[in-house]
Amino acid sequence: MKEFQDPRGLATLAKSIILITGLLLSPVVLGQESPRVNGDRLEQSLMQLATFGRDEAGQPNRVAYSDGDIEGRAYVMGLMKEAGLEVRIDPAGNLIGSRPGTEPGLKPLAMGSHIDMVPHGGNYDGCVGSLSAIEVARTLKEAQVTTRHPLEVLIFTDEEGGVTGSRAMVGALSKDALRVTNSTGYTIARGIQRLGGDTLRLAEAVREKGSLAAYLELHIEQGGILEQEGIDIGVVQGIVGLNWWNVTVRGMANHAGTTPMNLRQDALLAAARFIQAVNEEALAMEGRQVATVGRIRAYPGAPNVIPGEVVLSLEIRDPSSEVIQALYRKIRDQAIGIASDSGTTFEFEALDTTGKPALTSPGIQDLIEANAADLGLSAMRMYSGAGHDAQDIAMIAPVGMIFVPSRGGISHSPDEFTSVTDMANGANVLLQTLLDLDQKNQ
Ligand code: GLV
Ligand code: MN
Ligand code: MN
């Protein structure tokens with residue numbers, strides 16, 4: 001069912017009865033309709049955020065630490081304040097909007113996502129979850145609902161460059177990661193300073209295990225399953241791990257006109273064979289692993305010089321770290337063979353931008369599914385092939401993730417699109433799941 005449903009439906013009534021015991025403890029007044037988000041306002045804020053961080057050709061390019069990222073964050077901070085949140089920037093650059101609960105002894109319930117994007121990315125990845133979390137806070141404020149738990153909206157730093165902000169929050173952001181540079185040319189360390197963080201005080205951004213009651217993240221699916229199946233809501237069971245390497249292939253730069261074909265040590269040719277091998281090895285294994293070479297640079301980079309050095313990226317993802325390592329070993333073995341055939345060498349540098357595989361809380365999965373049903377929405381359980389901040393936060397708190405359909409399964413592209421109905425559906429499931437978690441003493 002695609003359309004947003006009448007909140008007075010029978011399913012909602014049945015659920016209100018089930019929740020009577022819990023509600024007696026709650027500041028939500030029985031008999032009142034559950035609040036609902038304002039979908040049009042949510043969409044307008046998404047369109048407004050999309051105006052920040054475009055390149056000269058008008059393409060979305062709000063990469064973390066760019067001027068556009070800084071401008072987008074300023075806009076989002078304004079929205080958080082309008083939603084009645086007190087806003088601060090932690091030393092990792094994460095935006096944290098908070099409001100107290102009625103029982104201050106309880107741990108905060110958190111929700112959020114990210115607003116940075118890949119180069120030439122889309123306007124929905126991360127933004128739907130970030131703006132929906134703010135919309136949920138605003139809806140609660142307007143409905144004069146104060147939760148028992150303190151609430152936090154978390155907009156994480158640089159999700160696309162290695163879940164940087166959430167890694168910092170769980171104490172897993174290493175010094176090596178701080179030296180990694182993204183397409184803006186800034187290192188993560190310099191970038192965090194640009195956002196108003198302080199890399200000398202990163203320890204103060206760390207949250208202890210058990211310090212959050214739960215974390216919820218709404219996100220676009222970024223794949224085509226929900227759309228193909230005609231399902232409104234994805235209940236995420238787990239999130240893949242992902243590892244990155246820089247691979248440097250060294251041959252010998254030489255004259256492209258005078259060096260015979262059989263006397264070349266062409267690093268780019270070896271790299272081409274390697275890229276093919278990456279794809280073949282990933283396909284040859286049973287399972288859901290994926291491997292990608294997404295970036296390649298050849299040096300010295302002239303039409304009349306045989307390339308002497310090539311640096312390329314290698315990314316492998318799977319729900320199991322062991323599978324990632326097993327595929328990596330196979331790919332390395334292939335590189336050894338290609339190197340000896342072509343008179344080149346391969347060096348692999350593991351980058352410390354790893355996302356660890358994570359499972360979501362089964363209890364929260366059940367709540368998400370029940371709330372989707374109450375709202376008259378269809379739902380299915382699924383894994384996330386994309387990385388998310390929730391996978392880091394899973395190290396310190398129970399997490400839940402809600403997916404909404406991506407048109408055509410397209411993501412990390414300016415063609416990303418999710419309808420206002422689907423966004424509002426997801427945000428209402430987020431709101432209801434938050435209110436359900438608030439009934440529990442955590
Ligand atoms: C993050 O969006 C990723 O999955 O690359
Ligand atoms: Mn992304
Ligand atoms: Mn994302």
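Please read all numbers here as calculations on a predicted model, not as lab measurements. Whatever order the structure lists ligands and atoms in, that order sets their numbers, starting from 1.
In this structure, a donor-acceptor pair under 3.5 Å is present between the side chains of R194 and Y186. With hydrogens and angles left out, the side-chain atoms of S113 and E217 include a donor and acceptor closer than 3.5 Å.
The residues D125 and R62 are annotated as not salt-bridged, no charged nitrogen and carboxylate oxygen being separated by less than 4.0 angstrom. Ion pairing of D333 with K330 is absent here, as no side-chain N (NZ or NE/NH1/NH2) approaches a carboxylate O to less than 4.0 Å. Looking at R207 and D90, no side-chain N of the basic residue comes within less than 4.0 Å of a carboxylate O on the acidic one, giving no salt bridge.
Of all N, O or S atoms in H219, the one lying closest to the Mn ion (ligand 3) is NE2. If you look at E160 and ask which of its N, O or S atoms sits nearest the Mn ion (ligand 2), the answer is OE2. The Mn ion (ligand 3) sits nearest to atom OD1 when only the N, O or S atoms of D125 are considered.
Partner T139 forms a side chain to side chain donor-acceptor pair (under 3.5 Å) with one of K141, E142, E135 and no other, that one being E135.
Here the closest non-hydrogen pair linking T157 and G93 is OG1-C, 2.8 Å.
Aromatic ring pairs are classed by plane angle as parallel below 30°, tilted from 30° to 60° and perpendicular above 60°; the pair W245 and Y328 is parallel.
Look at H412 and the Mn ion (ligand 2): an N/O/S atom of the residue is under 2.8 Å from the metal.
Protein residues with a heavy atom under 4.0 Å from ligand 1 are E159, E160, R317, A386, G387, H412.
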